[in-house]
Amino acid sequence: MKKPQYKGNKKPQQQNRRIENFSDRRGPRKEEYAKVNGGVFVYSKPITVAELSKAINVPSPAIIKYLFMQGKMITINQILDDEMIGELCLEFGYDFKKEKIVDAEHFEELEINDDPKDLQPRPPVVTVMGHVDHGKTTLIDAIRNSNLAAKEAGGISQAIGAYQKDYKGQKITMIDTPGHAAFTAMRARGAQVTDIVVLVVAADDGVMPQTIEAINHAKAAGCEVIVAINKMDVPGANPTRVKEELMQHDLIAEEYGGDILTVEISAKKGTGIDDLLDAILLKAEMLEFKANPNRFAIGSVLEANLDKGEGPKATLLVQNGTLNHNDYVVVGEIYGKIRRMTNEYGQVLKTAAPSTPVSVTGLSGVPSAGERFMAFASEKQAKEIAEKRALARKEESQAGTSAMSLSDLNNLVNAGKVQEINVIVKADTDGSAEAVKGSLVKASNDKVKINVIAANAGAINDSDVLLASASHAIIYGFNIRPDARISAKAKESKVEIRTYRIIYEMIDDIEAALKGMYKAELVEQVTGQAEVRHLYKISKVGTVAGCYVTDGSIKNESKMRLLRDGVIVYEGKIASLKRFKDDAKEVRQGYECGLMIEGFNDLTEGDIVEGYEMIEKEEK
């Protein structure tokens, strides 16, 4: 039977018909979400099969049948994701384009184009970042002549704090971010709202793992970096070694021909602080930070919590405009009236100019840190916008997201929409990480550039997933594997992790994707992971590992790999699997088992046995 053809060149009245009859669940909105314009289907929000059918003048059964033939069971009222919409448009003779909605409801997308005459200089926003115990909070303590460090549990920052310093008649806004690995997410939020990052490095300790994480977050956020080499009063201080180590991460000091300002300080003794503040003001003067104070305020949430006495409480950073007492604001899906606004000293404020951090009460709920906020003219407008945003976010979560993956890259290259792809490289050794990084960079072509935003040795961790999510990056693991928790977090964050044992296979995959020819024939599917808890050495048999299945299931005679601290130490096959004394075909999560690995006995307690299988799967 010949398939019916649907072309984009319909009658003008069909091409430009407006879509008015949207489902009532969208609320009272009457905006135009989708239309056909000159054979191009233009849409701005997730839509259902019924809505797409009306827009492109194709019967719903034809759409459902096509998706069914592709192995996708979709109902007429189900929301389609971007990939499905594009596939359907191409199938039925249309091109497609997704447009961003730019209005008050989507104020994050607004491009603020104030008249240059209305712009006034604003204080620079400076974030202090670095490794744990390198003296970040002590530095801010010295700058403010206060004693923050003594108030913190164990001398380690537990939340983001924001403060202002008056220096030589000018203000500097300082954000202190925690340095401990457990607070990587909070450190990333700091980088998103800052103009300048002060990277604190201990002169006696040098560049450490969280120093590298801070550098990666600063680069991903596009921030200027000033290096404060701290603890110059400590025996063994070696600032030259610090500068040389920073060069390995593309931070080249001015004296070495680069553009990175470095200042040698002792936060504990209070020396070099004025030099650091002078460097900040010099950098701010060069970059000319400006904002328009005569408009509704817009900015970001630094931190939020539920106070027993005052209710929802949030620390806001005003980035443009002026926030006033009694203003109505929308933060994410929450709205409220500013009932009380205080600075870091607890003093009540009536107004907050650009680059001013304030603590506010009066919101209807606790917002998420990192959310954007904007002030509006009335409570009615703020409430309506918050409700619409809540409905829109619910629809987007139902439709899923278009997270970047290698197959997505392939599709976007074919459509001519990708110019740069971000990549994070993790490997078993620093040498391997550098080799993989170099190979990926060389794989760039004249249409697509591969930007390696981080490359280092070690297991894939929470910080890597967070950075990949914020940067829309793909994580490439060479000779390492993520554990079950990290895999689950990556899946939840829509971050793709691709692992390889042979570098040529990795390069072939990404080169094929860059050329728009990627096609995965065999896809690895992890069946489960088991932790080795006891070892039994049996003569004439070998080593039997007593394991506990922590995720999925372990199957007898399946392919496996042995992970030690996230690094692959052996890859082979499960020779024997037992449950108590009986042979078992499969042992599921939550149960204990005994297993032997074919041709390998050098196990240790704490090792992870990961079972996997190869399945055929075609990427469309």
Side-chain angles (χ1 to χ4, degrees), residues 126-136 139 177 179 181 184 187-188 191 194-232 234 236-267 272 275-276 278-280 282-283 286-287 422-442 444 449-458 463-464 467 471 473 476 478:
V126 180
T127 300
V128 181
M129 304 174 83
H131 191 72
V132 63
D133 200 33
H134 274 201
K136 300 179 300 301
L139 171 59
T177 56
T184 300
R187 183 166 58 246
T194 192
D195 301 314
I196 301 170
V197 166
V198 171
L199 182 68
V200 180
V201 187
D204 62 333
D205 209 6
V207 174
M208 299 298 285
Q210 287 161 21
T211 312
I212 298 171
E213 290 178 9
I215 292 171
N216 292 336
H217 285 302
K219 287 181 178 179
C223 300
E224 292 289 329
V225 176
I226 297 174
V227 178
I229 304 176
N230 193 22
K231 300 188 180 182
M232 288 298 297
V234 176
N238 189 347
T240 301
R241 179 172 68 94
V242 172
K243 295 173 186 177
E244 290 173 352
E245 290 177 349
L246 289 171
M247 289 178 66
Q248 300 174 15
H249 303 281
D250 299 325
L251 294 183
I252 304 174
E254 282 189 328
E255 54 263 45
Y256 293 161
D259 58 354
I260 300 298
L261 297 176
T262 60
V263 184
E264 298 175 9
I265 67 169
S266 170
D275 294 335
L276 177 60
D278 286 333
I280 291 171
L282 175 62
K283 185 69 74 172
M286 293 169 58
L287 298 173
N422 291 330
V423 169
I424 295 172
V425 173
K426 300 289 289 191
D428 53 343
T429 65
D430 285 319
S432 296
E434 287 302 314
V436 172
K437 176 182 177 180
S439 297
L440 288 174
V441 171
K442 289 179 182 178
S444 301
K449 176 187 175 184
I450 298 177
N451 179 29
V452 181
I453 60 177
N456 46 60
S463 179
D464 298 320
L467 183 58
S471 308
Y476 277 83
F478 184 71

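It should be emphasised that the depicted structure is a prediction, and the values quoted were computed from it without experimental measurement. These numbers come from the heavy atoms of this one structure, side chains and all, not from hydrogens, waters or symmetry mates. Note that the numbering runs from 1 along the sequence shown for the chain.
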**Complete:** Nearest heavy-atom approach of Val263 to Ala279 is CG2-CB, 4.0 Å
**Message:** So which atom in Ala433 and which in Ala427 form the shortest heavy-atom distance, rounded to 0.1 Å?
**Reply:** N-CB, 3.6 Å
**Asked** Nearest heavy-atom pair of Lys231 and Ala202: which atoms, and what distance?
**Response** CD-CB, 3.9 Å
**Asked** Would you say Lys426 and Tyr476 make side-chain contact, with heavy atoms under 4.5 Å?
**Response** no
**Request:** Look only at the side chain of Lys437 and the backbone of Ile424, and say whether a donor-acceptor pair between them is shorter than 3.5 Å.
**Result:** no
**Request:** Could you check Asp195 against Val126 for side-chain contact (heavy atoms from CB on, under 4.5 Å), going step by step and ending with a plain yes or no?
**Result:** CA-CA 6 Å; Asp195 301 314; Val126 180; over 6 Å; no
**Message:** With no hydrogens and no angle check, just 3.5 Å: does a side-chain donor-acceptor pair link Asp205 and His134?
**Reply:** yes
**Request:** Flag the pair Thr262 / Glu254 as yes when at least one side-chain heavy-atom distance between them is below 4.5 Å, and no otherwise.
**Result:** no
**Message:** If we ignore hydrogens and angles and just use 3.5 Å, is the side chain of Asn230 paired with the main-chain N or O of Ala267 as donor and acceptor?
**Reply:** yes
**Asked** Does the side chain of Met129 reach to within under 4.5 Å of the side chain of Val200, using non-hydrogen atoms?
**Response** no
**Request:** Work out which heavy atom in Ala218 is nearest to a heavy atom in Val197; give both atom names and the distance.
**Result:** CB-CG2, 3.9 Å
**Item:** Contact check, side chains of Ile196 and Val225, non-hydrogen atoms, under 4.5 Å
**Value:** no
**Prompt:** Is the backbone of Ile229 close enough, under 3.5 Å, to the side chain of Glu264 for a donor and an acceptor to pair up by distance?
**Reply:** no
**Asked** CG of Asn456 to CD of Glu213: how many Å apart, nearest 0.5 Å?
**Response** 8.0 Å
**Message:** Using 0.5 Å steps for rounding, measure from the CG atom of Leu251 to the OG1 atom of Thr211.
**Reply:** 10.5 Å
**Message:** Which heavy atom of Thr194 sits nearest to which heavy atom of Cys223, and what is that distance?
**Reply:** CG2-SG, 3.3 Å
**Candidate pair Val441 and Asn451, rule side-chain contact (heavy atoms from CB on, under 4.5 Å), full reasoning** = CA-CA 7 Å; Val441 171; Asn451 179 29; over 6 Å; no
**Item:** Minimum side-chain heavy-atom gap Ile453-Leu467 below 4.5 Å
**Value:** yes
**Request:** Mark yes or no for whether Ser266, through its side chain, and Met232, through its backbone, hold a donor-acceptor pair below 3.5 Å.
**Result:** no
**Prompt:** Minimum heavy-atom separation for Val207 to His249, with atom names?
**Reply:** CG1-NE2, 4.1 Å
**Asked** Going by heavy atoms in the side chains, are Ile265 and Asp275 under 4.5 Å from each other?
**Response** no
**Request:** Kindly indicate whether the side chain of Val425, heavy atoms from C-beta on, has any atom under 4.5 Å from the side chain of Val423.
**Result:** yes
**Message:** Quick one, Leu276 with Ile226, criterion side-chain contact (heavy atoms from CB on, under 4.5 Å). Give me CA distance, side-chain angles, the key distance, then yes/no.
**Reply:** CA-CA 9 Å; Leu276 177 60; Ile226 297 174; 4.0 Å; yes
**Asked** Does any non-hydrogen side-chain atom of Val227 lie less than 4.5 Å from one of Leu261?
**Response** no
**Request:** Give the intermediate values and the outcome of side-chain contact (heavy atoms from CB on, under 4.5 Å) for residues Ile260 and Leu246.
**Result:** CA-CA 10 Å; Ile260 300 298; Leu246 289 171; over 6 Å; no
